[in-house]
2 protein chains.
Amino acid sequence: MADRIMDHAQLLVQSVGYNGFSYADIAQELGIRKATIHYYYRTKSDLCASLLRRYRLRFRIKVESAMAELASPKERLMLYISFYQEALDDGRLCPCGVLTSELLTLSPDIQEEVRGFFDEQLDWIEAQLRAAASAGELRVTTPPRDLAASLLGMIEGGMLLAHARKNRRSLADAIAGTLSLIFS
Amino acid sequence: MADRIMDHAQLLVQSVGYNGFSYADIAQELGIRKATIHYYYRTKSDLCASLLRRYRLRFRIKVESAMAELASPKERLMLYISFYQEALDDGRLCPCGVLTSELLTLSPDIQEEVRGFFDEQLDWIEAQLRAAASAGELRVTTPPRDLAASLLGMIEGGMLLAHARKNRRSLADAIAGTLSLIFS
DNA sequence: GTCTATAAACTGATAGAC
DNA sequence: GTCTATCAGTTTATAGAC
């Protein structure tokens, strides 16, 4: 039951944000009572922090397996972007992107998880860009960290735009164009 | 008083989102009672929709004056981006970017204002890119609409990243690099 | 216009029976 | 483990006095 609760809580965070749902929403969906949720997660804040830790862990594993399978930085980045596109196809946003909009209302634990996720993603993207630069595959001289921030921003913002405009195609297509621009 | 209420409501939307504040927050800040807010704005939904209409109008005027002053599409886009950077320097996010995260919990009026804002921005950016292409100033052949979506996504996502990482520099710097990439 | 008072619903959370 | 019952606090919103 703990997993089912967390699953649905994550779906809700990715759809309407932390302040956009309540324990009653989860209880109704799972056909249980609110008190049952409190048995597994003492507070809503705990539930959200736990959910973010699991999300980050799963995402990390996904990304690591992508590194193992593909050698080319550009291919890796294309696959990386497809992870976000998958969520979008499922009607979900990036939980960390969503929570950033209401970050000031959230507990320090949650804020730290969100910030940690972004830092981790920037590190990974930067590493791919540096590898590409070493291999002479980069067409530009922009500092890798800045370029990584551009790319991650484009991904997070692209998800938001696609969600608001109900146009799920726009993310992968738009970014693929920019990626081709960067790589030779 | 109507203006002061809307001013603070907008600040709150840009800081913590729609579901992140209540009438009590506004009342306390302005030293008035909650009922007074209802006198000017019947519902919270009305207040938010009104606030978005004003925001869009003001933003439109800002952008139009930018078009009048500067002839070069690249310069116009740099100035355009600085409008978002200004908000960020003031600790504010883009209200439409924020509201997108909780869009499914908001009234149809608000949803329409958010979507309208993005469409309007994409139209404007696309027009600048087409003008640049006609003048032979564009280095790429990406469809202008896709490129516009990339840029707006990068702006919206860049604001989010800067907010979460408390690094307000990253927006303008990161985007300037990509802009230089696009323009010859 | 702004207030007091209040309604009705919902919030996260707890105690204790089963 | 899951429930019923309940709490105290908050939410948006309204009625009516001043």
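Reminder, nothing fancy here: chain letters follow the sequence lines and each chain counts from 1.
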Measure from the side chain of [X], starting at C-beta and using heavy atoms only, and say which of [options] lies closest.
{"X": "A:T43", "options": "D:dT2, C:dA13, C:dG1", "answer": "C:dA13"}
{"X": "A:A35", "options": "D:dA15, D:dT11, C:dT14", "answer": "C:dT14"}
{"X": "B:Y40", "options": "C:dA5, C:dT2, D:dT11", "answer": "C:dT2"}
{"X": "B:A24", "options": "C:dT14, D:dT11, D:dG1", "answer": "D:dT11"}
{"X": "B:Y39", "options": "C:dA13, C:dC3, C:dG1", "answer": "C:dG1"}

When all nucleic acid strands are considered with a 4.0 Å heavy-atom cut-off, which category describes A:Y23: base, sugar-phosphate, or nothing? sugar-phosphate
Report which part of the nucleic acid B:F21 touches: base, sugar-phosphate, or nothing (heavy-atom distance under 4.0 Å, all strands). sugar-phosphate
Using atom [atom1] of [X] as one end and atom [atom2] of [N] as the other, report the distance to the nearest whole Å.
{"X": "A:Q28", "N": "C:dT11", "atom1": "CD", "atom2": "P", "result": "11 Å"}
{"X": "A:H38", "N": "D:dT4", "atom1": "NE2", "atom2": "C1'", "result": "14 Å"}
{"X": "B:I5", "N": "D:dT12", "atom1": "CD1", "atom2": "P", "result": "14 Å"}

Salt bridge present between A:R60 and A:E64 (N-O < 4.0 angstrom): no
Closer than 4.0 angstrom, basic N to acidic O: yes or no for B:D25 and B:K34? no
Can you name the side-chain contact (heavy atoms from CB on, under 4.5 Å) partners of B:A9, sequence neighbours left out? B:I26, B:L47, B:L51
Does one hydrophobic cluster hold both B:L11 and A:L103, with members joined at side-chain heavy-atom distances below 4.5 Å? no
Would you say C:dC10 has OP1 or OP2 under 4.0 Å from some side-chain N or O of A:S22? no
For D:dT4 and A:R33 - does any side-chain N or O of the residue sit under 4.0 Å from the phosphate oxygens OP1/OP2? yes
